Q: 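Here it is, the structure in full.
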Amino acid sequence: MPKIYFLDVTNRDGVQTAKLGLSKLEKTLINIYLNEMGVFQSEFGFPTTRHESRYLQANLELAEMGVLQPIRLEGWIRAVTGDVETAFRLVPGIKHLNLSISTSDQMIDGKFQGRKKRQDIINDMVAAVDAARSMGAESIGVNAEDASRTDLGFLVKFGLAAREHGADRLRYCDTLGYDNPFTIYEAVRKLAGETGMPIEIHCHGDLGMAVANSIAGARGAIDSGQDAYINTTINGMGERAGNADLLAVILAVTKSKGFAEKYELASPVDLSSAWKIARFASYAFGVPIPINQPGVGSNAFAHSSGIHADGVLKDPENYELYSYEELGRGEPEYVETGRELCTGEYSGISGFSHVMGEMEVSFADEAEAREVLELARYANVASQRPLVKDELLFIAKYPKITKNLLTLTPLV
Ligand SMILES: [Zn+2]
């Protein structure tokens with residue numbers, strides 16, 4: 001039986017959110033948390049973008065060291081042979097790629113304005129797949145941008161060409177959030193059936209259906225005998241109305257009525273880190289979690305009306321579909337209301353040693369403490385907010401990797 005995999009795109013589509021972004025250290029922590037959670041793959045960035053190079057290489061190094069294992073780290077580029085070459089030049093260690101190109105007539109006519117026809121799209125894509133394979137890519141996904149507005153016959157032709165050239169998966173992008181669960185189910189079922197390829201389901205929330213569409217699409221792929229790779233972002237961050245929320249999709253797949261009986265995960269997901277990852281992404285992006293967000297909103301387990309409160313006290317299952325403990329919630333939180341020492345880009349050794357000491361981190365000598373302080377200062381330059389405990393611990397544990405992550409060298 002084919003299975004469902006999660007492929008998180010927070011570090012690619014999530015950071016494309018207008019007006020917001022993440023530092024390279026924040027992106028690294030997100031990869032670490034996704035790995036802890038058991039997410040299959042992280043689309044960890046842009047291999048052709050210069051300021052990503054060192055971050056991407058440093059994360060590949062963490063993978064080599066076993067820190068980012070077993071998660072698969074994959075980069076997103078355009079399906080252009082020149083981009084494939086640039087990706088391997090800037091990030092020589094890259095092993096997994098997704099190659100993206102627009103497939104709808106709307107995009108072909110609207111973007112290329114007569115310079116390209118449907119056949120050119122297929123030609124460009126297969127040339128990029130060939131280039132990626134010849135340069136050593138271990139896995140290749142091909143992304144059909146605006147797939148939901150693409151003629152299905154053409155999409156099948158596109159998928160078959162990708163498969164013939166050795167692509168491993170086809171990403172069905174509902175780029176504008178145009179599908180509904182009924183249309184995406186049918187489209188993906190046909191696409192998977194006629195191409196014989198595993199399908200990635202990439203949904204957006206412009207009509208409020210990203211999560212529902214994701215599981216309907218996954219069902220379509222599996223009903224045609226193919227694996228489904230659902231694309232998600234933490235807290236649903238992403239362009240415009242955002243992407244399918246990682247936790248909401250996991251809950252929908254595992255807890256919704258009857259779904260998990262037939263549509264199974266390839267490997268279990270550890271929901272106990274759901275709270276931590278959602279909180280960190282909220283802090284790092286600077287976007288509060290809505291109080292009514294599934295699982296992690298502050299009201300997700302709050303009850304006040306008489307009948308509900310009485311019911312949940314008698315048996316939580318009366319009014320709760322899953323427990324807060326399962327999501328890693330329930331620990332009381334310590335909030336400093338008096339004197340506070342934080343890290344910053346102008347921190348000194350005394351305050352920094354105090355902060356690290358509170359976390360029971362000690363240094364071999366002052367030179368080591370000063371080195372870690374210097375790295376923490378640079379991390380603060382990038383994030384412009386106090387670092388969280390896990391960031392400080394990461395810096396203290398992997399100073400060389402951190403130095404790489406934080407190094408930006410423009411215009412070379
Ligand atoms: Zn997208």
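In listed order, ligands and their atoms are each counted from 1. Computed over heavy atoms, backbone and side chain alike; hydrogens, waters and symmetry mates excluded. The structure displayed is predicted, hence computed values, not measured ones.
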Q: Quick one: ring-ring contact (aromatic ring centres under 6.0 Å, His included) partners of Phe259, sequence neighbours excluded?
A: Tyr263
Q: Sequence neighbours excluded, which residues qualify as ring-ring contact (aromatic ring centres under 6.0 Å, His included) partners of Phe285?
A: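 Listed in chain order: nothing, the list is empty.
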Q: Are Arg171 and Tyr229 in a cation-pi setup, meaning NZ or CZ lies under 6.0 angstrom from the ring centre and within 45 degrees of the ring axis?
A: no
Q: Tell me whether the rings of Phe280 and Tyr33 are parallel (<30°), tilted (30 to 60°) or perpendicular (>60°).
A: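 Taking Tyr33 first and then Phe280, their aromatic rings stand perpendicular (interplane angle over 60°).
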Q: Going by atom type alone, with no hydrogens or angles, which donor-acceptor pairs under 3.5 Å involve a side-chain atom of residues 62-76 and a protein atom two or more places apart or on another chain?
A:
{"unit_1": "Gln69", "atom_1": "NE2", "unit_2": "Ala63", "atom_2": "O", "d": "3.1"}
{"unit_1": "Arg72", "atom_1": "NH1", "unit_2": "Ser139", "atom_2": "OG", "d": "3.3"}
{"unit_1": "Glu74", "atom_1": "OE1", "unit_2": "Gln41", "atom_2": "NE2", "d": "2.8"}

Q: Could you enumerate the protein N, O or S atoms under 2.8 Å from the Zn ion (ligand 1), written like residue then atom name?
A: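 Correct list: Asp13 OD2, His202 NE2, His204 NE2.
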Q: Do Ser102 and Asp146 have a side chain donor and acceptor closer than 3.5 Å?
A: no
